[in-house]
There are 2 protein chains.
Amino acid sequence: MDKPNSQEQFDTETRILRAARQVFFKQGMAGARMQDIADQAGVNKALLHYYFRSKDKLFQTIFTQAFQTMLESFKAIIASPMSITEKLESFIHVYISNMRLNPYLPLFIITEINKRPEVFPRQLVPEHQQVDLKKLFAQIQKEIAEGRIAPFQPMHLIMNVLGMSIFSFIAKPMMIHMLGVNEKQYEHFLNEREAQIIAFVRSALKTS
Amino acid sequence: MDKPNSQEQFDTETRILRAARQVFFKQGMAGARMQDIADQAGVNKALLHYYFRSKDKLFQTIFTQAFQTMLESFKAIIASPMSITEKLESFIHVYISNMRLNPYLPLFIITEINKRPEVFPRQLVPEHQQVDLKKLFAQIQKEIAEGRIAPFQPMHLIMNVLGMSIFSFIAKPMMIHMLGVNEKQYEHFLNEREAQIIAFVRSALKTS
DNA sequence: GTCTATAATGAGATAGAC
DNA sequence: GTCTATCTCATTATAGAC
């Protein structure tokens, strides 16, 4: 865990939420300890229950907000008036920036849904705020038809971009061990990542 | 959890190992319960301690073997006498096949190293059996120089392939919720995945 | 709202009979 | 080798003073 936040400027509830995010993101629901969260927040453990009643309720608060955050970066880009190439490059940029700030976020969401699928209702995301894939797909089809990009199935194209962007960050500890490189070397690699992915995608989408 | 294995044909130790793999892979070290493993194996809980002494020892056994498995599929491909394009496509094929059998494996390794970096020694992989990246990189550089594939940095090229292959599987629960699709639709998407990634990589590597 | 003390429970581990 | 019963401890949660 990092050093307890120098966050005396925040009220107790906020300090708990920030601390809970750090601990839950890294350790997950099962691995997190209420005492760790209290220490990290610099408050008494009993206060966590005073403000959030139970560990599970606190977790739900953190999880829901994390999921929304993840969703928002998706939707903002899709809705914007850009070409597909611009949108894809925007995806890459935004996700890599986010992963720099919050490397545990996607992994946290993935693993927690995995572990307790029953906890997350079928409609975790209400109908009206789901990602509007149809529009995006239509735009991709249109640009393909116009011969502006090479033909790939929209869903796969998007997954390719997400996979290349996100995986290299979440798999960092595994890759370091598998490849036998050190932290510094891997960080250097990650710094080049955005430019390299963009070049790769451009090359793939080039019409010949 | 799945139904208890109809694995009466295996001896007790094997049944425990198989059950432990299932439970640890899905729930992680912190989330797993010895009782769950015992139930899954169809044996008495005390036997887990008789055979493996502690939860931690049992976990170490499972983790180490999982990590070796992950490493082997890497190394086997790298060592084989194929062109880069063939090797990359072999990567894609092998990883997607493995993920079909064992969707939790990479996620398990990633999250457990994340949570307890101190547990895993710097040299989790002994020097002599590390992935021989140098050779692979040299081969890539050579094929680029010969104009057989477009120029990309070797490490990034490999990470692109791994990311596209692995991410779509490990992120399945997240994507299903984010995109508002159902399990069946996502499975259909995954079935097309191998061919789509190969097409994408070929397009990117094409020399113009 | 915040603290100390403590209850309640869950889960890993062991003893000892068979 | 396998089982039942039990010990021990960590952790969530609550009671009650301030």
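Letters A, B, ... mirror the listed sequences (proteins, then strands); counts begin at 1. Worth knowing before you read on, the calculation uses all heavy atoms, side chains too, and leaves out hydrogens, waters and symmetry mates.
- Where Lys45(B) and Thr12(B) each meet DNA chain D at their nearest nucleotide, the meeting point lying more 5' is that of Thr12(B).
- In this model, no donor atom of one side chain and acceptor atom of the other lie less than 3.5 Å apart for Asp36(B) and Gln40(B).
- Inspection of the Asn191(A) and Glu187(A) side chains reveals no N or O donor paired with an N or O acceptor under 3.5 Å.
- No option in Arg21(B), Met29(B), Gln68(B), Glu112(B) other than Glu112(B) meets the side chain to side chain contact (heavy atoms under 4.5 Å, CB included) test with Phe63(B).
- Residue-level contact check: Ala38(B) touches neither bases nor backbone, having no heavy atom under 4.0 Å from any strand.
- Using a cutoff of 4.0 Å between basic side-chain nitrogens and carboxylate oxygens, Arg116(A) and Asp56(A) are scored as salt-bridged.
- Lys26(A) places no side-chain N or O within 3.5 Å of a backbone atom of Tyr104(A) that could act as its donor or acceptor partner.
- Side-chain N/O atoms of His49(B) include none lying less than 4.0 angstrom from OP1 or OP2 on dT14(C).
- Taking for each of Lys55(B) and Ala46(A) the nucleotide of DNA chain C with the nearest heavy atom, the 5'-most of the two is the partner of Ala46(A).
- In this structure, Phe52(B) atom CZ and dA13(C) atom P are separated by 13 Å, rounded to whole Å.
- Between Lys57(B) atom NZ and dG12(C) atom P there is a gap of 16 Å when expressed in whole angstrom units.
- Here the range on DNA chain D touched by chain A, meaning any atom under 4.0 Å from one of its heavy atoms, is dT11(D) to dT14(D).
- Straight-line distance from the CG atom of Leu47(B) to the C1' atom of dA13(C): 14 Å, rounded to whole Å.
- The CZ atom of Arg33(A) sits 14 Å away from the C1' atom of dT9(C) (whole-angstrom rounding).
- Nucleotide dT4(C) holds its P atom 14 Å from the CG atom of Leu48(A), rounded to whole Å.
- Taking the six-membered ring for Trp and the full ring otherwise, the centers of Phe59(A) and Phe24(A) sit less than 6.0 Å from each other.
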